[in-house]
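Here the structure comes first, spelled out in structure tokens, and everything after it is commentary.
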Protein chains: 2
Amino acid sequence: MPRPVDLERSAARREAITVAAADLFARHGFENTTATDIARAAGLSSGTVFYYFTDKRAVFRSIFERDIPVLRELVDRALACDDPVAAVLTMVDELAADALDPNASGILVELLRQIDRDPELLRVVTGNDAILLDGFTTLIERGIEAGAVDPGLDAREAAAWIVHLVDAAYLGADPARDPRPMLRRLVTRFLAPPTADPPTGEQG
Amino acid sequence: MPRPVDLERSAARREAITVAAADLFARHGFENTTATDIARAAGLSSGTVFYYFTDKRAVFRSIFERDIPVLRELVDRALACDDPVAAVLTMVDELAADALDPNASGILVELLRQIDRDPELLRVVTGNDAILLDGFTTLIERGIEAGAVDPGLDAREAAAWIVHLVDAAYLGADPARDPRPMLRRLVTRFLAPPTADPPTGEQG
DNA sequence: GTCTATACACCGATAGAC
DNA sequence: GTCTATCGGTGTATAGAC
């Protein structure tokens, strides 16, 4: 009886290719990274890359497909929190933590660049973004009901801006400088109702 | 007596190449835009591009070399203003106005991508950025002295974040949605001293 | 100054051996 | 499943005619 394909080993190989490719794409860009480069970095050969992935684009997409469960878990945890504004800040904090990765800015830029050139990639990251956007929107709506967030804000638009703020933190990513204190200040003050005193800044 | 080179004509040719290239780079990316594409779009031939520019990279750089006088003028005007916070908001507004250009996001992303690959480009945009950064820093320092800005802020770091906010607006650029109201809200509240009441939001 | 033509190099994806 | 070898296609930059 034929041995079934070793799914575990296959998954590990795919993962190795994805991880190696993410690093190369972030540092050198999509077009400047050859399939051979990826193969070498993953410790295998060019042909093998095309055995596991149909395209070079598919390798790129796989980087972001891995995020789905992570983001979902992040949002679920935030939604379980009692204080909506605190939950927003926690989400922002955790997202921004990745900005300390030296490749963070590179991979985001590359994503923004490729997103218009690959409809399938657009589909993937639109899904990722929707998870975040829905999470933030729900939290902001709760905050408005609780009187902790400016009711003049459109919840969805505000949510989109918070995502943009996190993206901005990625872009200015300097591994030596933690963006989180400033992000907290921005988000806190952005959401605060007009009448309340702004919270005292806790950062330098 | 030989006619001197027609400097005006040369400048116009260079400009035509730069403008055509900016559009193509923004839409298709640097690597996906060929020198021949640029030449065709500018109404001339491939060889001519390399007569006016040493490199394809040099064509890309020329896009940002044009910005220097514009930015300098923008900052000078802001520095002449009496109210420092209002001046910051004016600068942000004018910078963000460009975000309505459908190519805004594309060209910014492409810049971010190429900046690590071309030291000469880095030099150019570092200069551009310094003009903005110095302008914002001075205004914020003035605001702190006048008691209109949180003295707990580091002026230069705050200035950098304001630039990041403008970049964020570019990234989320949607020609149908004017980012300026939200940007004003973000910047105003970001700078406000802890004791003062936050200004009432004027946006929907 | 501007064009055409091309040298030279490189890459994505496939074919086929093992 | 993984490799080596390769084909077809493409792009930068130059050379040389005009």
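Atom CG of N32(B) and atom P of dC10(C) are 19 Å apart (whole Å). F30(A) places its CZ atom 12 Å from the C1' atom of dC11(C), with the value rounded to the nearest Å. The separation between F53(B) atom CZ and dG1(C) atom P is 15 Å, rounded to whole Å. Distance, E31(A) CD to dG12(C) C1': 13 Å, rounded to whole Å. Here dT4(C) presents its P atom at 11 Å from CG of L44(B), a figure rounded to the nearest Å. Atom NZ of K56(B) and atom C1' of dT10(D) are 12 Å apart (whole Å). Whole-Å rounding puts the R40(B) CZ to dT4(C) C1' distance at 14 Å.
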**Message:** Assess the residue pair R57(B) and Q114(B) against the criterion (side chain to side chain donor-acceptor pair (under 3.5 Å)); give the C-alpha distance rounded to whole Å, side-chain angles, the decisive distance to 0.1 Å, and a yes or no.
**Reply:** CA-CA 9 Å; R57(B) 315 201 80 89; Q114(B) 297 302 330; 3.0 Å; yes
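Nucleic acid contact class of R57(A) (heavy atoms, under 4.0 Å, all strands): none. Residue T54(B) is out of contact with every strand shown, counting any heavy-atom pair closer than 4.0 Å.
Each of F50(A) and S45(B) lies near DNA chain C, and the nucleotide nearest S45(B) is the one positioned closer to the 5' end. If you find the closest nucleotide of DNA chain D to S46(B) and to Y51(A), the one lying nearer the 5' end belongs to Y51(A).
A cation-pi arrangement is present between R185(A) and F190(B), with the terminal nitrogen or guanidinium carbon under 6.0 Å from the aromatic centre and inside a 45° cone about the axis. Taking the ring centre of Y52(A) as origin, the terminal cationic atom of R13(A) falls outside the region bounded by 6.0 Å and 45° from the ring axis.
You'll find that the side chain of R13(B) is closest to dT2(C), out of dC11(C), dT2(D), dT2(C). Closest to the Y52(A) side chain, of the nucleotides dT2(C), dA13(D), dT2(D), is dT2(D).
For R9(B) and dT2(C), the shortest distance from a side-chain N or O to OP1 or OP2 is below 4.0 Å.
Using a 3.5 Å distance cut-off with no hydrogens or angles, the side chains of D93(B) and T90(B) do not pair a donor with an acceptor. Side-chain N/O atoms of D37(A) and T34(A) include a donor and acceptor closer than 3.5 Å.
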